[in-house]
Structures are given as structure tokens and as C-alpha cells.
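Everything on this sheet refers to the single structure shown next.
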Amino acid sequence: MDDVQRLRVYRYYLPVFFWVQQQLTQHKHKFQGKDTPPLVLGISAPQGCGKSTLVEQLEALFTWLGTAAAGVSIDDFYLTNAGQTALAAGQPDNRLLALRGNAGSHDLELGAAVLKQLKGLTGKGQTAAVPRYDKSAFQGRGDRADPSTWPVVTGPLELVFFEGWMSGFRPVGEAAAAAVEASLVEVDKQLAAYEAAWDSAVDAWLVIRIGDPQWVFGWRLQAEQRMRAAGKPGMTDEQIADFVSRYMPAYKAYLPGLYAAGPTTAKAGHTLIIEVDQSRSPVPQQPKPLPLQ
């Protein structure tokens, strides 16, 4: 390992792993071992900051220890291409809903149903299929993958990593949303339904904090370039810049609240905030715990 990798492993991945392990122990104790549902860990982190890599490392560590874990992303619950096209057509003047990404572009019912299925995997032999989204379809506009390709999770399941770029965001109200951008008003209205549909299923929260949302442009560009290098169709650099610009109003409106008050359903003792720099490594001075109830 080089110095950067060592820093991430010993100051980031392993501390988070031990914290999650502690959360899982507390969760199991609460249920006294009787049909214990899996712990759902919500991970809120901007696009490109390394959350997928973090989840992969955590899954690998827990699997190595014999703990059954599964990962799911809010991206897996985007509307189909046809559904997104219809959404855009119904909001012709709203650039934030023209493409996938913002609140309103997800199938909340599908996500809620899958989370319920995963939390119900308490017995041996029980299974649940987890949707996947193909971001390379339709020249990078994306579409839900064919159900025949969805991975199947087998119970009993102990841990679910539920990650997303806007997970746990709190609506700010019409006036505050309009002050950022007029198109954000409808997004803010749509966001109100996410707490009951998805966030309520989360038992503990991990927030990955960044110093500047503008870093997302560079991170997204790197991801698309890797996808094109792998032979998959993707967006051009200009399309990427346009695509990411549609997320910036949400970051401006919601990240301050997320960092100050935590995710919507955050609880004291069950919320961890880790800050990373532009290289996706942990900063030396980490945020203090939030004063949650």
C-alpha cells in the first residue's frame, strides 16, 4: 500500500468498520436474537467522494468475518427511462427534473418495498432481489436494468448498507428553495416524502462530509472517463458538466442542514460524520459529534 491507501485504511475504513460493528452489536442486543432484522446503515455522501468504495470495503470485511451483508443504493431506485421521460415532459421548464438525480426522479414505492423485503430476511433460505440501474443505457441517460440481472440476497441477513448522494436531506421550504433556484421548489416538495418512505427504515447513519460541493464535477468526470475506458457508452465532458450542474442547487440548499443537524432520522449514539478532502482521504481534524436527541 502507498501512503494514501494506508491513510484511508487505518484512519477511515477501519474506524468506520469498528463503529458499524458496534452499532450492529447494539442492534442485535435490542432484539435478543429473536428474528432480528438486519441493521440498516444509511450512508449519505456526495457523488464521487468514494462511498461506493467504502461500501465495498465494509461488505468485504463483514463477509470475511461471516456477517451477512448487502449493499443497495438510492440510484437503484431511479425511475425507468420511460418514467423519467414522462417526469421531464410533465415539468418542461424544470431543468432539475429533466434528468435523473434529484428528489422526484426515484420510485419511492419500489425502494420502500425492497427495504422492507431486506429487513424481512431473518430466516434461512429467504431471498430478495435487489434492483440495479444501468447508468450507461440510452447514451448515459440510464434505465433500470432487466430484472433477470438483479442480484439476489439470501437470508438470514444481518447488515444492509443503504447509500445515496441525497440520503437524509431535509426539505427547506418553498421560500428557501426558491432563493437557491426556482426549479428547486418542486424538488423540495418531492423531498418531503423521502423521510417516511426510506429514511424511516434506517437504524444508524454515516455521513461523509466534504469541504466543497464543486469537487463533485471533477469526481464525476473521472468516473465517466473510467466507464468510457471500459468500453461502456457514457456522457461527454460537456454533458457531464451539464448533468452535475443540476445537482448543485440541492447541495447548496441541503448540505448545510445535513452537516448541522444530521439526516432526517438521525439519533444520538447512532450517527457518525467523517470528513474527507478532495483526494477522498480523511481530514486531520474531524467534525465533533452532533447534539442529537
Side-chain angles (χ1 to χ4, degrees), residues 43-49 51-53 55-56 70-118 127-153 160-167 169 183 186-187 190-191 193-194 197-198 216-217 219-250:
I43 303 176
S44 184
Q47 303 135 300
C49 73
K51 62 180 177 294
S52 295
T53 301
V55 169
E56 289 172 2
V72 62
S73 168
I74 67 169
D75 293 2
D76 296 326
F77 305 133
Y78 279 136
L79 297 171
T80 61
N81 184 266
Q84 179 58 47
T85 300
L87 173 67
Q91 299 276 341
D93 298 322
N94 193 322
R95 77 182 189 98
L96 302 183
L97 294 175
L99 301 172
R100 69 177 190 270
N102 282 289
S105 67
H106 301 91
D107 188 331
L108 289 181
E109 291 185 3
L110 175 64
V114 171
L115 289 172
K116 183 177 180 180
Q117 283 184 306
L118 291 174
T127 61
V130 179
R132 287 293 184 258
Y133 191 85
D134 182 2
K135 295 181 180 179
S136 67
F138 290 92
Q139 291 74 50
R141 288 182 172 269
D143 196 10
R144 190 173 299 154
D146 188 284
S148 65
T149 67
W150 296 359
V152 175
V153 178
V160 176
F161 299 107
F162 181 39
E163 55 97 350
W165 75 274
M166 51 162 279
S167 296
F169 280 6
S183 293
E186 180 60 28
V187 171
Q190 297 284 343
L191 180 62
Y194 282 65
W198 292 357
V216 173
F217 281 104
W219 290 336
R220 182 70 196 195
L221 184 62
Q222 293 169 1
E224 288 287 336
Q225 288 173 341
R226 285 195 299 269
M227 192 160 63
R228 294 202 299 265
K232 295 182 179 180
M235 292 182 281
T236 66
D237 292 357
E238 292 75 17
Q239 288 173 324
I240 294 167
D242 175 67
F243 182 75
V244 174
S245 73
R246 298 167 194 263
Y247 292 84
M248 289 299 143

Q. Out of curiosity, Thr149 OG1 to Asp134 CG, how far, rounded to the nearest 0.5 Å?
A. 8.0 Å
Q) With Glu56, which residues qualify under side chain to side chain contact (heavy atoms under 4.5 Å, CB included), at least two apart? A) none
(Q) With heavy-atom distances below 4.5 Å as the criterion, would you say the side chains of Lys51 and Ser167 are in contact? (A) no
Q.
Tell me the closest heavy-atom pair linking Ala197 and Ala112, and the distance in Å.
A. O-CB, 3.6 Å
Q: Answer yes or no: is there a donor N or O on one side and an acceptor on the other, between the side chain of Trp219 and the main chain of Gln47, under 3.5 Å?
A: no
Q) Does any N or O in the side chain of Asn81 come within less than 3.5 Å of the main-chain N or O of Gly142, such that one atom is a donor and the other an acceptor? A) yes
Q: Return yes when atom CZ of Arg132 has more than 12 non-hydrogen atoms of other residues, nucleotides or ligands closer than 6.0 Å, and no otherwise.
A: yes
Q: Any chance you could measure Gln117, atom CD, to Thr127, atom OG1, to the nearest 0.5 Å?
A: 8.5 Å
Q. Taking all atoms of both residues into account, what is the closest heavy-atom pair of His106 and Gly101, and its distance?
A. CE1-O, 3.5 Å
Q) Shortest non-hydrogen contact from Trp165 to Ala250? A) CH2-CB, 3.7 Å
Q: Nearest 0.5 Å please: distance from the CD atom of Gln222 over to the CD1 atom of Ile240.
A: 10.5 Å
Q.
If you define the side chain from C-beta out and look only at heavy atoms, does anything of Phe77 sit under 4.5 Å from Val114?
A. yes
Q | Separation between CG of Leu221 and CZ of Arg226, rounded to the nearest 0.5 Å | A | 10.0 Å
Q | Pro249 to Arg95 - nearest heavy-atom pair and separation | A | CG-NH2, 3.9 Å
Q: Provide the closest heavy-atom pair for Ala98 versus Arg246 in the form atom of the first, atom of the second, distance.
A: CB-NH1, 3.6 Å
Q: Enumerate the residue pairs fulfilling ring-ring contact (aromatic ring centres under 6.0 Å, His included) with a member in residues 127-147, sequence neighbours excluded, ordered by first and then second residue.
A: Tyr78-Tyr133
Q | Val130 side chain near Leu118 side chain, heavy-atom distance below 4.5 Å | A | yes
Q: May I ask you to decide if Leu97's main-chain N or O and Asn102's side chain share a donor-acceptor pair within less than 3.5 Å?
A: no
Q | Side-chain touch Asp76/Trp150, heavy atoms, less than 4.5 angstrom | A | no
Q.
Treating Ser105 as the side-chain partner and Arg100 as the backbone partner, does any N or O pair qualify as donor plus acceptor under 3.5 Å?
A. no
Q.
Quick check against the 3.5 Å criterion: does Gln225 have a side-chain atom that pairs as donor or acceptor with the backbone of Arg220?
A. no
Q | Side-chain touch Tyr247/Met166, heavy atoms, less than 4.5 angstrom | A | no
Q | Nearest-0.5 Å distance, CD1 of residue Ile43 to CD1 of residue Ile74 | A | 12.0 Å
Q.
I'd like to check Asp107 versus Leu79 (side-chain heavy atoms, cut-off strictly below 4.5 Å). Are they in contact?
A. yes
Q.
Would you compute the distance between atom CG of Leu96 and atom OG of Ser245 and round it to the nearest 0.5 angstrom?
A. 8.5 Å
